[in-house]
Amino acid sequence: MKFKSLLRAIGIALTITSTSSMAEVSVSLDTDNTGAVINKNIYGQFMEHLGRGIYEGVWVGPESDIPNTNGYRDDVLQALKDLQVPLLRWPGGCFADEYHWEDGIGPNAERKRTVNTTWGGVIDDNSFGTHEFMNLAEMLGADAYVNGNLGTGSPKEMAQWVEYMTSDSESSLANLRRENGRDKPWRLHFFAIGNETWGCGGSMDADYYVDLYKHYATFIKTPANNKPTLIASGGTDFRTDYTEALMSMESYWSYNKGAISHHYYTLPTSDWSKKGSALNFPESEWASTMSRTLKIEDILKTNIEIMDKYDPDEEIGFYLDEWGTWYDVTEGDPGFLYQQNSLRDAVVAALNLNIYHKYAKRVQMTIIAQMVNVLQAMILTDKEKMLLTPTYHVFRMHIPFQDATYVPIELDGNETYGQGEHQVPKINASAARGKDGKLWITLVNVDPNNDEVINLGSAYKRITGEILTAETMDAHNTFKDPNAVRPTSFEVSPAENGELVITLPPKAIIVAQLTE
Ligand code: AHR
């Protein structure tokens with residue numbers, strides 16, 4: 001179906017009223033009993049020295065023919081500004097544990113050329129370093145999250161890096177920063193002590209890491225007005241040993257607050273040697289991707305239960321600082337993790353975000369992996385060309401949820417969609433009261449084949465918002481057709497009986513305002 005006719009189809013679908021004979025899902029919002037604030041950092045982004053994630057993807061250098069501002073490519077910069085990125089994590093990932101910050105400061109010509117042994121064995125000229133990252137975060141108005149090197153660094157190297165970024169004194173390191181062009185310290189919001197220490201960060205046992213964490217963290221010293229939240233590297237998937245071990249440092253937590261990180265990736269097959277294709281996949285892999293995505297809810301619940309045992313006042317955060325889809329690479333060097341991004345990814349993103357909203361009290365940060373050209377990216381580039389992915393559109397549509405207050409939501413009559421063992425609820429939803437006082441709702445129809453009629457009751461005068469859908473499960477944007485998948489606006493008023501009823505097309509995401 002051509003884009004215009006698709007728009008027509010959506011327009012028609014959304015004006016179907018309650019006279020429809022289809023079974024309905026009734027949605028009710030409990031606006032009197034609001035929940036936690038949905039921390040804006042649930043919408044965090046990640047940039048690692050990996051493939052074209054930074055070089056070409058964000059940073060082209062001031063001499064590049066690609067239009068840029070001080071080395072940051074203009075098209076990507078504008079897209080990130082439009083996305084209102086709240087939080088940026090750098091330099092890894094696995095790369096963080098082989099990154100030595102002094103390689104990436106000072107005049108460009110004098111910076112070291114190092115081998116990226118984690119990702120593709122390529123030479124990194126270190127032209128993107130601490131200044132380039134911290135300035136970018138500042139330009140975007142995003143919180144800065146720097147991941148320290150525990151694996152191949154030392155407590156001294158880590159402590160000095162933090163001093164370099166945050167000290168306002170006349171110390172040699174603060175003065176070196178000044179010589180390198182930055183007078184005032186940057187605001188450092190988050191600092192992590194290692195990454196995936198059970199694997200690429202050092203293959204450690206949880207108990208061993210716990211001691212290292214305390215050791216390194218002791219020497220992170222900053223001015224009182226620039227204290228980063230320290231992040232302990234936690235577990236992955238269904239592992240809980242890290243959460244258990246870290247939470248049991250009770251006397252440490254009693255005088256140091258902080259957070260534990262955790263990672264979870266969605267693989268269609270759950271087999272790391274053959275993860276599944278980003279495009280041209282069978283419907284069975286649509287269903288398995290949806291059900292594996294929803295497993296994050298159990299992961300959150302299990303870890304939160306452990307944390308509640310030790311920290312009933314919920315002072316320690318649980319940060320899911322890597323999540324997203326991970327497929328077999330679409331093209332290029334296998335070590336660069338470049339994959340296309342389709343409507344399936346958009347639905348996956350929306351499902352994840354809805355779950356994070358629900359657990360927002362403890363889950364105060366989540367970071368999709370990664371921002372540009374890597375895994376479930378917001379943006380893809382090909383030299384001077386750039387496109388916004390369906391996942392980008394989902395994040396942009398959800399901006400009103402940043403720092404909004406969670407509103408409990410109930411769905412009645414929600415049927416199941418699935419294939420074989422992979423069965424999931426057809427409709428997935430979330431609601432929140434925005435900072436602007438407006439009431440926002442997201443609705444996702446996971447079923448790739450059938451419409452679903454949604455009855456929102458008679459409390460609302462109107463629903464206005466955006467919808468993202470397409471004809472095929474793997475519909476995606478290309479450099480030739482960068483707008484093949486993009487959101488369109490809609491507005492629906494109540495039927496004569498006062499009920500607000502909309503028909504959600506198959507495989508669609510809505511983010512909309514309910515007028516009370
Ligand atoms: O995001 C890609 C990689 O996945 C990160 O470097 C690592 O932390 C995780 O295993």
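Scope of the values below: all heavy atoms of this structure, side chains included, with no hydrogens, waters or symmetry mates. Every number for a ligand or one of its atoms is a count from 1 in the order of the listing.
- The protein heavy-atom contact nearest to atom 1 (O) of ligand 1 is Y265 OH, 2.8 Å.
- For ligand 1, the atoms sitting less than 4.0 Å from at least one non-hydrogen atom of C94 are 5 (C), 6 (O), 7 (C), 8 (O), numbered in the order shown with element in parentheses.
- With ligand atoms numbered from 1 in the order given, ligand 1 contributes 7 (C), 8 (O), 9 (C), 10 (O) to contacts under 4.0 Å with heavy atoms of E196.
- Under a 4.0 angstrom heavy-atom cut-off, F95 registers as lying outside contact with ligand 1.
- For the pair N195 and ligand 1, the shortest N or O to N or O distance falls below 3.5 Å.
- Between R396 and E466 there is a salt bridge, since at least one side-chain N of the basic residue sits less than 4.0 Å from a carboxylate O of the acidic one.
- If you check the side chains of N428 and N354, you find a donor sitting under 3.5 Å from an acceptor.
- Cation-pi contact between R52 and Y338: present, with separation from the ring centre below 6.0 Å and deviation from the ring axis of at most 45°.
- For the pair R89 and F46, the cation-pi criterion (under 6.0 Å, within 45° of the ring axis) is fulfilled.
- The distance from ligand 1 to the heavy atoms of G93 drops below 4.0 Å at these ligand atoms: 5 (C), 6 (O), 8 (O).
- For the pair L337 and ligand 1, the shortest N or O to N or O distance does not fall below 3.5 Å.
- For Y242 and S233, the side-chain atoms include no donor-acceptor pair closer than 3.5 Å.
- Other residues, nucleotides and ligands contribute more than 12 heavy atoms inside 6.0 Å of the NZ atom of K257.
- The atoms of ligand 1 that sit less than 4.0 Å from any heavy atom of L375 are 1 (O), 2 (C).
- At a 4.0 Å heavy-atom cut-off, ligand 1 touches W326 through the side chain alone.
- Every atom of ligand 1 with a heavy atom of E322 under 4.0 Å away is listed here by number and element: 1 (O), 3 (C), 4 (O), 5 (C), 7 (C), 8 (O), 9 (C).
- In this structure, a donor-acceptor pair under 3.5 Å is present between the side chains of T381 and E56.
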